[in-house]
Structure formats: structure tokens, C-alpha cells
Participant: 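Let me begin by handing over the structure; questions about it come next.
Please read these numbers as outputs of a predicted model, since none were measured by experiment. The chains referred to below are lettered A, B, ... by the order of the sequence lines, with proteins before strands, and numbering in each begins at 1.
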Amino acid sequence: MNIHEYQAKQIFAKYGVPTPRGIIANTPEEAVANAQELGGKIWVVKAQIHAGGRGLGGGVKLARSMDEVKQLASEILGMTLVTHQTGPEGKLVQKVYIEEGADIVDELYLGVVLDRAKEMPVIMASTEGGMDIETVAHNTPEKIIKIAVDPSIGFQGFHGRELVFGLGITDPQEQNKLIKFAKALYTLYMENDAEMIEINPLIKTGAGDFMALDGKMGFDDSALGRHPEIAAMRDISEEDADEREASQYGLSYISLDGEIGCMVNGAGLAMGTMDTINYMGGTPANFLDVGGSANAQTVAKGFEIILKNPKVKAIFVNIFGGIVRCDRIANGILEATKLVDVHVPVIVRLDGTNAPEAAEILRNANIPNVIAATDLADGAAKAVRAAKGE
Amino acid sequence: MSILVNKDTKVIVQGFTGKEGSFHAEQCIAYGTKIVGGVTPNKGGQEHLGLPVFNTVKDAVATTGATVSMIFVPPAFVADAVMEAAAAGITLAVVITEGAPVRDMQAAKAFAVKHGMMTIGPNCPGVITAEECKIGIMPGAIFKKGHVGLISKSGTLTYEGANQVCKEGFGITTAVGIGGDPIIGLSYKQLLKMFQEDDDTHAIVMIGEIGGDLEIQAAHYIKEHITKPVVAFIAGQTAPAGKRMGHAGAIISGSAGTAKEKMDALEAAGVRVVVSPAEIGKAVKEVLSK
């Protein structure tokens, strides 16, 4: 689960990671009131969406007067912000963060993420803050420092020294401040089961202080149960409505551009099914994993969600039953045809646990529109032909 | 021969008396797996499925001599269960449970490695040596005995791959579902090595997915150390580039983890890479009839 910048900064503050002061606003009027409360002469109006690249997309602007705060907030609130991380459809801005202007003399990059190969968190830092860090990693990899921290010993002094010397920071006071900063960030990463923290830029101010000017955080979904205060930060408006509805029924759904709806058990086989449809000259309309506990109700729901997409011309149900029993899927298909108007051909391939019983159920029901397939290749081929109206 | 487990392997079940644990333990027993007991705290001394229940793994190991544990406990207790198994001298833990927090698994795996215990999973279908020993949730009937080793991140693609191999008239020595979580136990590399050293295995099927770089590491390993034919499929060629928020993950792994990158690396290592999982069976036939 991802959270907004302003929420990340609330967590930073709790751990003593310095940030500029800021207040969240839902309307231009609130934006002005917030700017007045913050005081000063310069404010930053920042769109709050779950994506990077907001500045380049026009979602972060400087204001030098209350009128400007109001005008910029009105422009940004309600805009659909498109960045390289939102996809071409962009994201609707519903909140702006009003932040005091900062006195920036230097920009760094600091992040914490799991290194899967080392199997421990890694602190990443670079002197090239404020830039697209992936470009930095690609063009000048030597400018990125990576420090693995073994959780069994935690953040030690040597980790801190590696960090500051690596960044070329020579002033002892500044060294101490940045080490404290990084240690707090590591602690909050561990204590909150974060998946990723990224601060770009981390700024040095004229007074020689370090501050998180931006903040991105993602969390391990499997651990949210033990962090109710973080789970409460979930912003469902950032999620796709169909994907969310699907997840309530234990289905994992992602919509795509093609014509063949897919209902499959297991993420790997679901992707493999899409790949096979593509290989045979068709186009998948969605990814849908019915999971391990599919029953008649969830299958019916799956059909309903797939059929919401008007482009769908055929549906390929591809189940290899391990935990999922094929007879349950067969019953689900029957149920679905009663609950939902399944107006397109449905190609069904059921294999594995209780497959013979499932075949029997479907044969006895004798539903027009339902076409049996013997294996993955056969099913994909039939689905491609059906979608082409052949 | 086979790898990891065989008809003589003594297995206990952690989370034995739960719904999932009971159902799948029963299926494993029916397949022929030598399940010798199980562990459920506060139910020690009882009998379940005609087998003894113990309060702790330590008790279970002392009484039964089990060396392998199949773990079905709820996600929040997975790390504890893995560490208990390692501390009790279990040599292989097969973790079926889905949804264990990553931080927990990080600590549990580090502890397991320290105690010399191998782990499979979490969030995986388990391991099966065809017609001898099934430790997991796979439909046993599709795994016929033969000479092909199989390693897969995805559960259902394990079944799909094994089914095709068997339908082409070949069979399986051992199939291992390694799981796709950020922290997993045994990975391609270690298992490829085991299959290479197993005289009974003549070819290896390797099934991967987009994300991470385990398949790239495997490709490097294959190039250097594997002389047996390998067939590979990478799921997710048509998956859209995920919406994401940060950049850190991709920088750490040094790759975007796309299917194409992985397929290219495997092909460069001499692996027979198929573009659809429907081609796995045929490709195995090809490489074995060369």
C-alpha cells in the first residue's frame, strides 16, 4: 500500500526526521488559510497523488502571495495530473499540500528499500538529488551509494560513516545531522514494515540542516494488520474502482486493452494465459486471478467485472485446480450464467482436482455459449477464434 | 533418485489440526507421504488423522525422527514456526502459507540459514517427488514418475508444466514450487545444482515470472554449471508495466525485471525458452530427443 507525501511526512515527524512545515488542503480556501497559518513569504502548493514526477507534470508550484496560493490551488485541485508514473490516463488531484518555502543550498537523494538478493534493507543515497534517480543509476551508477543494513545488528556507526563520506560531507556537525536522519529513516522503515521509502530531494538548507522536501512510502500489505494507524491512511480514491471491487471478493483484477476476458487461478498461470492468447494472435482484456478459494459467488463476480468492459468479445476460463476444485468453478459458471447476462462465448478449460466431475456438471447443464476446451493451447485458440467471430 | 525428498522422508505438519493443515495432510498421506505426526500447541498428546500431535516441534522431532516440516500456520505465525523448526533440527521446512510479512521472513530465513535448515516458500505449492512423496498442496495425480526436474515460482504453472511433460510421455523426478515472495528459501540456483547432480534427472524445466532478478542469476549459473538441457518459460510478456511510485526497487536489482530481459538472458545461456506455457511439453520432448 502506498501513501501520500503529506502522510509520509507525518510519519517522518514522529521519528524526528525533519521536514518543512505544511498543512493539507481540500479546497483553495483551505489552501489560503493554511498558508496564512504557516506564515512566511513563499509557499509551495503540491498536488497529492500516488506517483512520482509531479513537478514536471505541473503539480508542484511556488506561490509568492495569498492570491497566488489561491489561484494555484484552484488550478491544481481537480486537475488530472499525468506523469511518467501515472500511466497516460493520469490521476485526479483531490488534495493539495501547502508547505512553507525552503532555503535550498544542496539537494541529495536518500531511500531505503529491500535488497532481495542480499535479503536485507539497503540504504541508497546520492549527491544527485532532485533528478530522476533511475537516470542517475543508469548513466552514472558510481554516484549511487548502497549500504546494506543487517537487521540483526541494526543501523551502526559504520553505516553512518559510509554514508556521509560517500556523499562527500566533511563538516562534523553536518555529518552528525545526516547520520541521525538516516538512522531515523532506517528505524521507521523497520518498525512500520515499509516496503520502500524515498526522499528526493533531501535538502541541505542555508543553516546547514537536512530536511525531507519530498517523501514517498510504500508498505508491505501482508503486515498492515499490525499497523492499524497506517492501514487507516489508505486512500481508496487512488485505486482503480474495478480492481478494488474485485479485491473485496478475493479476486485480483487488472484491466487491459484487448478483447478476450480471462479468468484464471494463480497469478503465474493468469499471465501465462495472457501470453498464450497473445502468441495465438488475440489480445487479453484483463488479468484476473480467482485465487485459491474460489466459489460460485466469486466466479459470478468475476464474470460481472469482466463483462463491464464493452470491448470483451469472448471469455477464456482457464483453471488448473490444485487448491481450487474444478467442480466449484463449474458450479460458479452455472451460477454466473443465471446472475449475469453472459452474452459472449465462454471457453472453459478445467484441469486438475475434480476435473472429471466439473466436466460432468457442465455437460449436464448444456448451456449454449459455453465451449469446452481440452488444454491451454486448445482453449486459447478457441478463445481467439471466438473473439474474431469465427 | 530424486532431490530433497523421497519415499523414506519423515514429515511432520505444523498447523496440523487446522482446516487447511488437516485437509492437505490427509491428501499427502493418501499420496504416500510418510507423515509421522504434527504440531499444534496445547493439543499435544492427542491423536489426529491417526497420528500423534505434539505441543512443540522439538517434541515431535525427538519422538518421530522427522527431518522435514510442512507449515500451514496462519501468516502472522509463519516466522515463529520456521524458526521453531530450525531450532529443533528440522533440515527442510516447506512453507505453504500465503501472506507472511516480509520483515518476518527476512529474520526467519536468516535464522534458518544459520541453523543449516533449507526452506521452500513461503506462499508456494510445495515439493513433490513423483509417486513417492508429496509435501504441499499440488494435485498429486498429474505427477508421473520420470526424468524431468521442475522448478517454478508460480503454483498453477507448476501443475501446467508437469501435466504437459507427463502427457508427452515423460515424467517428473521432483517438482519444486519456490514461491514468488520477496524473500524465499531455496531458489533456482540451488535447485538447478541439485538437479544437475541427480543422475535420474535428464532435463530441467524452469518457470519464472516478471519482477526481481532470480531468473537472471539462474541464467548466469546455467551458463557456467549446468550441462543438462533446460526448458524455460517466463510469465508476463504481455503484462503492462506496473504503475509504481518510487524507483528504488529497480535500481537495487539492477534490472527492470521484464520478461524479455529474462528470456534473453536464458537464451544466451543456451536454454530452450518457450513463449507460451502451452509449448513446455513439446520443448521438453525436443530437447530430450536430441
Participant: Can you tell me which portion of A:R54 sits under 4.5 Å from chain B's heavy atoms? Options are side chain, backbone, both or neither.
Facilitator: neither

Participant: With a 4.5 angstrom heavy-atom cut-off, which part of B:A100 approaches chain A: side chain, backbone, both or neither?
Facilitator: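 Looking at B:A100, just its backbone touches chain A.
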
Participant: Drop me the distance from A:M190's CE to B:Q106's CD, to the nearest 0.5 angstrom.
Facilitator: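 Atom-to-atom, A:M190:CE and B:Q106:CD are 6.0 Å apart.
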
Participant: Output the distance between atom CD1 (B:I142) and atom CG (A:D351), rounded to the nearest 0.5 Å.
Facilitator: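 Those atoms lie 7.5 Å apart.
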
Participant: What are the two closest non-hydrogen atoms of B:A235 and A:G268, and how far apart are they?
Facilitator: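 B:A235 and A:G268 have their closest heavy atoms at CB-O, 3.6 Å.
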
Participant: What part of A:T276 gets closer than 4.5 Å to chain B, counting heavy atoms only: side chain, backbone, both or neither?
Facilitator: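 For A:T276, heavy atoms of backbone and side chain both lie under 4.5 Å from chain B.
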
Participant: Working to the nearest 0.5 angstrom, can you tell me the gap between B:R103 CZ and A:R226 CZ?
Facilitator: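 Between atom CZ of B:R103 and atom CZ of A:R226 there are 4.5 Å.
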
Participant: Are the side chains of A:S222 and B:V102 in touch, meaning some heavy atoms are under 4.5 Å apart?
Facilitator: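 No, too far: nothing below the 4.5 Å cut-off.
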
Participant: Enter the distance from A:L269:CG to B:Y159:OH here, rounded to the nearest 0.5 Å.
Facilitator: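 Going from the CG atom of A:L269 to the OH atom of B:Y159 covers 10.5 Å.
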
Participant: Tell me which of these, B:A278, B:S154, B:G236, has more heavy-atom pairs under 4.5 Å with chain A than the rest.
Facilitator: B:G236

Participant: Can you tell me if CZ on B:F77 sees more than 12 non-hydrogen neighbours from other groups inside 6.0 Å?
Facilitator: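 No, CZ of B:F77 has 12 or fewer neighbouring heavy atoms, counting only those of other groups under 6.0 Å.
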
Participant: So what's closer than 4.5 Å to chain B heavy atoms on A:Y279: side chain, backbone, both or neither?
Facilitator: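 Contact with chain B involves the side chain of A:Y279 alone.
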
Participant: Atom OG1 of B:T238 and atom CG of A:L256: how far apart are they, to the nearest 0.5 Å?
Facilitator: 7.5 Å

Participant: Need one label for B:D181: side chain, backbone, both or neither, based on atoms under 4.5 Å from any heavy atom in chain A.
Facilitator: backbone

Participant: Sort A:E238 into side chain, backbone, both or neither according to what part of it lies under 4.5 angstrom from a heavy atom of chain B.
Facilitator: neither

Participant: Knowing that exactly one of B:I210, B:L157, B:I234 qualifies, which makes a side chain to side chain contact (heavy atoms under 4.5 Å, CB included) with A:M271?
Facilitator: B:I210

Participant: Heavy-atom cut-off 4.5 Å, strictly under: side chain, backbone, both or neither for B:Q27 against chain A?
Facilitator: neither

Participant: Could you go through B:E160 and A:L376, starting from their C-alpha distance and side-chain angles, then the distance that decides it, and tell me whether this counts as side-chain contact (heavy atoms from CB on, under 4.5 Å)?
Facilitator: CA-CA 9 Å; B:E160 181 68 51; A:L376 171 56; 3.8 Å; yes

Participant: Would you name the heavy atoms of A:F320 and B:P139 that are closest together and state the gap between them?
Facilitator: CE2-CG, 4.4 Å

Participant: Top residue by heavy-atom pair count (under 4.5 Å) with chain B, among A:N278, A:T283, A:D193?
Facilitator: A:D193

Participant: Using a 4.5 angstrom heavy-atom cutoff, name the option from A:P151, A:A377, A:P284 with the most pairs to chain B.
Facilitator: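 Of the options given, most contacts go to A:P151.
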
Participant: Do other residues, nucleotides or ligands put more than 12 heavy atoms under 6.0 Å from B:Q190 CD?
Facilitator: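 Count over threshold, so yes.
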
Participant: Among B:G140, B:P101, B:P277, which has the most heavy-atom pairs under 4.5 Å with chain A?
Facilitator: B:P101

Participant: Find the one option among B:Q217, B:M105, B:K109, B:K167 whose heavy-atom pairs under 4.5 Å with chain A are most numerous.
Facilitator: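 Top option by heavy-atom pairs under 4.5 Å: B:K109.
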
Participant: Could you look at B:F111 and say if it's the side chain, the backbone, both or neither that has a heavy atom under 4.5 Å from chain A?
Facilitator: neither

Participant: Between B:I184 and chain A, which part of the residue has a heavy atom less than 4.5 Å away: side chain, backbone, both or neither?
Facilitator: backbone

Participant: Can you confirm whether A:H138 is buried at NE2, in the sense that more than 12 heavy atoms of other residues, nucleotides or ligands lie under 6.0 Å from that atom?
Facilitator: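 Result for NE2/A:H138: open.
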
Participant: Considering only heavy atoms and a distance below 4.5 Å, find which of B:P182, B:S152, B:S187 pairs most often with chain A.
Facilitator: B:P182

Participant: Relative to chain B, which segment of A:D221 carries a heavy atom at a distance below 4.5 Å: side chain, backbone, both, or neither?
Facilitator: neither

Participant: May I ask you to check whether A:D275 and B:S276 show a side-chain donor-acceptor distance below 3.5 Å?
Facilitator: no

